[in-house]
Amino acid sequence: MSKKLPKRNENYSEWYQELVIQSDLAEHSAVGGCMVIKPYGYAIWERMQQILDQKFKETGHQNAYFPLFIPKSFLSKEAQHVEGFAKECAVVTHHRLKNDPNGKGVIVDPDAKLEEELIVRPTSETIIWNTFKKWIQSYRDLPLLINQWANVVRWEMRTRLFLRTTEFLWQEGHTAHATADEAIAEAKLILEIYADFVENTLSIPVIKGTKTQNERFAGALETYCIEAMMQDGKALQAGTSHFLGQNFAKAFDVQFLNKQNQLEYVWATSWGVSTRLMGALIMSHSDDNGLILPPQLAPIQIILIPIYKTDQEHQEVMAKLEILYLQLKNHGFRVKIDDDDSKRPGWKFAEWELKGIPLRFALGPKDLNNHQIEVFRRDTQEKAIIPIENLVANYVSMLLNDIQKNLFVLAQKRLQERTIFVNHYEEFKEAIEKDCFVMAHWDGTTETELLIKEETKATIRCIPFNNPKEIGYCVRTNKPSQQRVLFAKAY
RNA sequence: CGGGAUGUGGCGCAGAGGUAGCGCACUUGCUUGGGGUGCAAGAGGUCGCGGGUUCAAGUCCCGCCAUUCCGACCA
């Protein structure tokens, strides 16, 4: 616990890994590639869940829950879909163990082989569309707006805490609509919800856009996404929303009767964000002293630290802090007093900084005498002594809002400074080498996209909505292009 | 799936044939308390698993397993 955190500029990935562990967010589990999300990390995830869940419900979505297991035959009903996920599926083949006749322990009972193997869901389109078939007959059943909070498994070769684990938590929305336009509008609406959440709650600026055909979700006609820049300049996909066309409706034969009494296939979307957002959060704001949490997300926004020597001082200081605690709590702030007598103030300062608590108020005998309190803000590491009567709700709100905003501004500044517009391949390679976001013209072919990836490791993160149409020439092939796209190295 | 590394007390590590050690954490007591207090006394380990060499194996040899890091694939 009292170890030094590696420095970001010396070894960014080691810093990240150590920070996750030391700040008590998560740890490696006994199962390879899987992590244990510890109470503090899970509390942050729960905040994300609550806020997103509310936004989904406000826009008419309902939660439901579908099985963890998917019959193998379901997965193969949509050709592109199965191709995209086949290589990373966990497969259940048996349903029973028995004592090992040759010794200790248990073995898989060969007599308990399943007739049809079950896939542990890598995503739930197939099981959900199999179900939607039963739920949809009429245009009156549409739109059908369903979300589920779930775990999924993707058997990746290489894992990193929160960024890529074999099992991860997420939400996946699945909707069915009467028209393509409605479905597209839904996919875009969700992208806006994601962008709003990531920018305003996580304080991370994002670039909205569409994926190229090559990067598109397996089975989608269009994938909308938000891309964020981490402190090392690499891109992290923070959320995706897919327009699935009628692919799944056709694969699972989901048709409805329209007002003209004609059968039509429904139009679909799916969309998700995962515990990967935890990784985005950590890598966007934190520093060499530990986590920095945006106030809107922090499970604890304010930590109160009593300072004292004698029992009497302890009582006096605590009496004042209790009052302060109740006042703050009644105003809706998430606040905690650290009255652990076995730890000294200096230890607590370091500990709560490591955990990223936005504000710290420390109160000791000196302060009581002078009617003052020490205020420390995590983002700037600034300390101030203020008259204690100034510590009112408005002031605290102002501070928290300022921290929330400041984190966004800093991240946005980094994004702007490290986003470079280039027209020649040499500049392109140089900018990618320096881990920048690069806006460049591209001829629109997968062939060129893959070639650039092979030569530079950069991928097209998205075709940004906001880039103006302009005539240009592909940075690699010199063929004509109408718009710059975003290239970067990605997590 | 390729390349590297590591498996020794709860955690982090040292020990390279001959009585299993250190730091942190833990327990008890005192001390200290406004930036990770100091001292003392304790508790805690079949050294990843299986073979082999040897009078003797954390230590040498062979095999296996696991974890982790770096690449290719991906939320």
Side-chain angles (χ1 to χ4, degrees), chain A residues 1-5 11 13-14 16-18 21-22 24 27-35 84-89 103-105 122-123 151-172 194 211 214-218 223 225-228 235-242 270-280 289-290 305-311 313-314 317 340-354 360-370 372-374 376 381 383 385 450 453-454 457 459 489-491:
Chain A
M1 200 75 83
S2 57
K3 276 181 308 164
K4 280 256 174 65
L5 206 56
N11 189 336
S13 78
E14 198 177 309
Y16 172 80
Q17 203 85 6
E18 272 298 310
I21 288 166
Q22 288 191 27
D24 230 14
E27 64 187 34
H28 293 287
S29 73
V31 186
C34 296
M35 65 177 170
F85 288 104
K87 285 178 291 183
E88 49 191 40
C89 285
K104 297 170 202 164
T123 179
N151 56 340
V152 287
V153 166
R154 297 184 187 174
W155 214 268
E156 304 286 354
M157 296 319 295
R158 183 159 143 50
T159 59
R160 291 185 76 188
L161 293 170
F162 286 118
L163 295 176
R164 194 182 303 101
T165 45
T166 302
E167 179 191 17
F168 57 95
L169 306 184
W170 75 347
Q171 59 70 217
E172 48 180 325
Y194 286 161
K211 287 291 186 190
N214 177 54
E215 297 272 340
R216 208 172 276 160
F217 176 75
T223 289
C225 66
I226 49 175
E227 295 286 327
L236 189 135
Q237 179 176 303
T240 49
S241 178
H242 316 291
S270 70
W271 29 274
V273 297
S274 71
T275 35
R276 188 179 228 203
L277 282 177
M278 296 285 293
N289 293 322
I305 311 274
I307 294 162
Y308 54 86
K309 278 192 223 174
T310 64
D311 279 352
E313 282 174 349
H314 185 199
V317 165
D340 181 352
D341 189 43
S342 69
K343 299 285 191 291
R344 297 166 69 259
W347 194 93
K348 293 177 184 177
F349 294 166
E351 179 67 10
W352 293 111
E353 274 167 49
L354 178 61
R360 179 183 76 222
F361 302 156
L363 187 79
K366 265 189 286 179
D367 304 308
L368 278 182
N369 288 335
N370 300 327
Q372 64 188 30
I373 191 162
E374 183 187 276
F376 171 88
Q381 305 265 100
K383 244 188 241 183
I385 308 275
L450 293 175
K453 182 179 177 183
E454 198 184 318
K457 291 181 183 168
T459 50
K489 283 194 252 177
Y491 276 100

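The sequence lines fix the lettering, A, B, ..., with proteins before strands; numbering per chain opens at 1. What you are looking at is a predicted structure, and each value in this text was computed from that prediction instead of being measured.
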Exercise for the section: Identify whether any heavy atom of A/Thr165 sits under 4.0 Å from a base atom; if not, whether one sits that close to sugar-phosphate; answer base, sugar-phosphate or nothing. Expected result: base

Quiz prompt | Heavy-atom donor-acceptor pair, A/Asn289 side-chain to B/G36 base, under 3.5 Å | solution = no

With a 4.0 Å limit, can you tell me whether A/Lys453 has a side-chain N or O closer than that to the phosphate oxygens OP1/OP2 of B/C73?
yes

Side-chain N or O of A/Arg154 versus OP1/OP2 of B/A75: is the shortest distance under 4.0 Å? no

key: Distance test, side-chain N/O of A/Ser13 to OP1/OP2 of B/C70, below 4.0 Å   = yes

- Message: With a sphere of 6.0 Å drawn around CH2 of A/Trp155, does it hold more than 12 non-hydrogen atoms of other residues, nucleotides or ligands?
- Response: no

Under the rule of Watson-Crick or G-U wobble with both distances under 3.5 Å, where | means paired to another strand and [ ] a crossing pair, RNA chain B maps to ((((((((.[[[[.)..(..]]]].(((((.......))))).....[[[[[..)....]]]]])))))))....

Q. Does some side-chain heavy atom of A/Ile305 sit less than 4.5 Å from a side-chain heavy atom of A/Phe349?
A. yes

request  = For A/Lys211 and A/Gln237, test the side chains for any donor-to-acceptor distance below 3.5 angstrom and give the result as yes or no.
outcome  = yes

Using a heavy-atom cut-off of under 4.0 Å over every strand shown, decide if A/Gln237 touches base, sugar-phosphate, or nothing.
-> sugar-phosphate

Residues passing the side chain to side chain contact (heavy atoms under 4.5 Å, CB included) test with A/Glu156, sequence neighbours excluded, are A/Glu88, A/Arg154, A/Arg164

Review point. Can a donor-acceptor pair under 3.5 Å be found between the side-chain atoms of A/Lys383 and the base atoms of B/G35?
Key: yes

Does one side chain, of A/Glu353 or A/Asn289, offer a donor that lies under 3.5 Å from an acceptor on the other? no

Which of B/C26, B/G33, B/C69 is nearest the side chain of A/Lys343? It is B/C26

Self-check item: Sugar-phosphate only, base, or nothing, as touched by A/Gly32 at under 4.0 Å among non-hydrogen atoms
Solution: sugar-phosphate

OP1 or OP2 of B/G34 less than 4.0 angstrom from a side-chain nitrogen or oxygen of A/Arg344, does that happen here? yes

Letter by letter from the 5' end, nucleotides 3-10 of chain B scores (B base, S sugar-phosphate only, - none; protein heavy atoms under 4.0 Å) --------

